[in-house]
Amino acid sequence: MFADELNEPQAAAVAHTSGPLLVFAGAGSGKTRVITYRIARLIAEEHVPPWRILAVTFTNKAAAEMRGRVQRLSGAEAARSLWVGTFHATCAKLLRVHGAAVGVRPNFVIYDSSDQKALLARVLKDLDLDDRRFPPRSVLAHIHSHKQEGRGPDEAAAHSYVDEIALRVFRSYEERLRASNALDFEDLILNVARALEGTPEGELIRQRFDFVLVDEFQDTNATQYRMVREISRNHRNLCVVGDDDQSVYRWRGADIRNIRGFRRDHPDATVVKLEQNYRSTQHIVAAALSIIARSSSREPKELWTQNDAGDPILVVTARDERDEASLVVESIVRARGRGTKLADIAVFYRINAQSRVLEDALRRASIDYEIVGGLRFYERAEIKDALAYLRVIDNPQSDVDMLRIINVPTRGIGATSVERLAAWASSRGLPLTEALARIGEIDQLGATAKKKIAAFAGLLGGLREAAKTLTPNELLVRVLSDTAYVEVLGEEDTAESDARIENLRELSSSLLDYEVEAQAAGEPPTLCGFLERVTLASDTDSLGEQGKVVLMTVHGAKGLEFDTVLLTGMEEDLFPYQTQQNKPQDSEQLEEERRLAYVAITRARRTLVMIHTQYRQIFGKTRWNCPSRFLDELPNYGVVRSTTTSIERSFGPGFDRDFEPDETSGLTGAKQVPPPRPVEGRFVDRDFFHDQPDESTLADMRRGSRVHHDRFGEGRVLRVVGAAEPTVVVEFPGWGEKKILARFLKLA
DNA sequence: GACAGAGGGTTTTTT
DNA sequence: ACCCTCTGTC
């Protein structure tokens, strides 16, 4: 089956039937094709019922794509009954049915990151901890890393006083989750893993599936791996697909050692390597390889391609971030001139803070663009408020939601009253809803406060009563009118309040969509069902459909491909990223940055432009930059280096003939400044530095350069530091380390 | 209870 | 540069 559409290793992975299978899928090697064909073959040839196949992904988008492809191969019925979903959605579904075994009640709510943070803030306040000494952000990160490794507060060890406190916070956080009948994202997976390992119910979960597939296996964390290993324990029909070279989520718990773990747990596993790249030109594949080859401890494999050599990769030096943005604009105009669709062009950057200047330039040039990432729909305040009402109606015990809405819109229940109410409940171990019901018993509250709180309780009671007969969307409408939420917004009458009302309308229409879909699937639409979908949903589905250039971080680009990729900010300390402090770069971190660069390069099908600036404003300060080490590591062949002022030279004559040069563009400079002189190897155009001393610049000095200083004599550059002016740290024999402005140094 | 101003921190992101 | 949080004032 499919023999003529697959190469040899692809066919082997598709044909493999029972037992463990490990597929290394290089960038652009047809990974999704292998997974979906494999599913289709299991259904068609092995007669496996589709609902006995579980395919797990990391994003909803990947899940949707997989289901869509299966539909084309195996038909709508098979696609519908197949278990395809993210780890979280799959586990949530299983827990609604099997959760009792591990003490999870079926109507639990899922707390997203802002709910988690709000919950943690309560805990910190309760324990009276200074949030400067215990920043919620990092405490939460700490808790998550325990849970990602599968540890609860009792399994986590404390090595210091601070650890001790952190554990107390952890324990209290867990207690409050439980008391709120809420699960955080990690809980979804952890609880399924626990059910599978230690309960009779686990056997029932296992018996649901005959085949299990995991996509992006290099991104799994310890708990996720535990879960898939346990769920396939009986038959071991576990197929994992991934690429260790594309592991870029270590910082959020992904553990590349799971690949080794898989081999240890399944020594008899079949291993398949997909190494033929169908996506990119030879030059692009070669560039990617020369970056990743320097990575240590990777699975040996060699990406190759039969595609054309293609055009050379361009590496361009821009003066600053605005010059860079102009170059991006010029490149887009040029690509479009060659017939590339806007949606097939992407601009990548390492951090979101880089996007603003690029956006400005695109807007000025009237190029339609779409930015991926940023504030999501379901994270907007008004949406969260509305959802909090729905969740409190569905699950009265959810204190985070209760606290969010108790005075929204303002109804005269001030912070002090809320505090007293919460203290009363917390001292008795009761949820807030209980405190509302027994408001008369709370002596700490004044008569006015009691009256207002009682009125709020009455409001909720009325809504809860209404919920019994209304559909989810009707309930939302009722909530918004009974609380006068929209009314209050309407009175504001600003552009912002209008937008908020518009967002609420959109929420309503997405509820309607849900109702229609649920009915089509033969299930009654429930509030709980909708809330789960919302919490586990992302809204990046419409990507690239709108004929616009896409701007995104390199992380956001993973899994995507474009004809033309413009990779900006290729500078030391930005890419590879290094935090502000002059901490020496940790090598694990550098490895991850390297893989990230590999991911970025392999997104491009035909055209790749990599840009670095000589200086840029970042976080409010001007920083002088060295070109990224990744630029140094590119092959000589197939790479053309140039500057924005000499761009005509590298693109060939007539490059800028067909568009209007921008005033701020470096390209204008090409006509005014004398022809630049190309420099062998590392490219520095001194003409950029009219207003800089014509001494050595940062670009000449890098780690290891030998330099001379009038007073200290000869020394060796240890590192380059971001500062208002080119600055380096030099070790002078006899003097030690000195931080010196580069203009006081000469290259020795 | 609303708002202004100070202060601190600053990667990457899904669910 | 910007955003979020905290604090103090009216």
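Worth saying up front: this structure is predicted, and the values here are computed from it rather than measured. First the proteins, then the strands, lettered A, B, ... as listed; each starts at 1.
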(message) Applying a 4.0 Å non-hydrogen cut-off, can you work out what A/A415 is touching in the nucleic acid: base, sugar-phosphate, or nothing?
(response) sugar-phosphate

(request) Using the side-chain contact (heavy atoms from CB on, under 4.5 Å) rule, pick out the option among A/Y173, A/F170, A/F134 that qualifies with A/L120. (result) A/Y173

(message) Under 4.0 Å, counting only non-hydrogen atoms across every strand here, what does A/K117 touch: a base, just sugar-phosphate, or nothing?
(response) sugar-phosphate

(message) What is the distance, to the nearest angstrom, from the CD atom on A/Q617 to the P atom on C/dC2?
(response) 10 Å

(message) So, does A/T553 get its side chain near the phosphate of B/dT13, meaning an N or O under 4.0 Å from OP1 or OP2?
(response) yes

(request) Tell me what A/T410 touches on the nucleic acid: a base, only sugar-phosphate, or nothing, going by heavy atoms under 4.0 Å. (result) sugar-phosphate

(message) If I take atom CG in residue A/L124 and atom C1' in nucleotide C/dC6, what distance separates them, rounded to the nearest angstrom?
(response) 15 Å

(message) Closest approach to the side chain of A/N352, judged atom by atom: which nucleotide of B/dT13, B/dT15, B/dT11 is it?
(response) B/dT13

(message) Given B/dT12, B/dT10, B/dA2, identify the nucleotide with an atom nearest to the side chain of A/W251.
(response) B/dT12

(message) In this structure, how many angstroms lie between the C1' atom of B/dG9 and the NZ atom of A/K621, rounded?
(response) 11 Å

(request) To the nearest Å, give me how far apart CD1 (A/I351) and C1' (C/dC3) are. (result) 14 Å

(message) Rounded to whole Å, please give me the gap between CD in A/E216 and C1' in B/dT13.
(response) 13 Å

(request) Tell me whether the centres of the aromatic rings in A/Y349 and A/F575 are closer together than 6.0 Å. (result) no

(message) In this structure, how many angstroms lie between the C1' atom of B/dT12 and the CD atom of A/E593, rounded?
(response) 8 Å

(message) Run the salt bridge (Lys or Arg N to Asp or Glu O under 4.0 Å) test on A/R350 and A/E593 for me, step by step, so that the C-alpha distance in whole Å, both residues' side-chain angles and the decisive distance to 0.1 Å come before the verdict.
(response) CA-CA 10 Å; A/R350 178 64 181 80; A/E593 295 289 318; 2.7 Å; yes

(message) On DNA chain B, compare the nucleotides closest to A/I413 and A/A89; which residue's is nearer the 5' end?
(response) A/I413

(message) If you only use heavy atoms from C-beta on, which nucleotide in B/dT10, B/dT11, B/dT15 is closest to the side chain of A/F619?
(response) B/dT10

(message) Does the Lys NZ or Arg CZ of A/R178 fall within the cation-pi geometry relative to A/F108 - under 6.0 Å from the ring centre and within 45° of the axis?
(response) no

(request) Between B/dT13 and C/dC4, how far apart are the P atoms? Round to whole Å, please. (result) 16 Å

(message) At 4.0 Å (heavy atoms only), tell me whether A/L574 reaches a base, stays on the sugar-phosphate, or touches nothing.
(response) nothing

(request) Would you classify A/R356 as touching base, sugar-phosphate or nothing, given that sugar-phosphate means primed atoms plus P, OP1 and OP2, and contacts are heavy atoms under 4.0 Å? (result) sugar-phosphate

(request) Would you mind reading off the distance between A/D219 atom CG and B/dT15 atom C1', rounded to a whole angstrom? (result) 13 Å

(request) Could you work out the separation of B/dT12 and C/dT5 based on their C1' atoms and round it to a whole Å? (result) 23 Å

(message) From the set B/dT15, B/dT13, B/dT10, return the single nucleotide nearest to any side-chain atom of A/N60.
(response) B/dT15

(message) Reading DNA chain B from 5' onward, which residue's closest nucleotide shows up sooner: A/G412 or A/G556?
(response) A/G412

(request) Keeping the roles fixed (side chain from A/S398, backbone from A/S180), state whether a donor-acceptor pair exists under 3.5 Å. (result) no

(request) Using the six-membered ring wherever Trp is involved, compare the ring planes of A/H555 and A/Y249 and label them parallel, tilted or perpendicular (cut-offs 30° and 60°). (result) tilted

(message) Once you apply a heavy-atom cut-off of 4.0 Å, does A/N407 come out as touching a base, just sugar-phosphate, or nothing?
(response) sugar-phosphate

(request) Rounded to the nearest angstrom, tell me the gap between atom CZ in A/F575 and atom P in B/dT11. (result) 16 Å

(request) Give A/F185 one of three labels, base, sugar-phosphate or nothing, depending on what nucleic acid heavy atoms sit under 4.0 Å from its own. (result) base

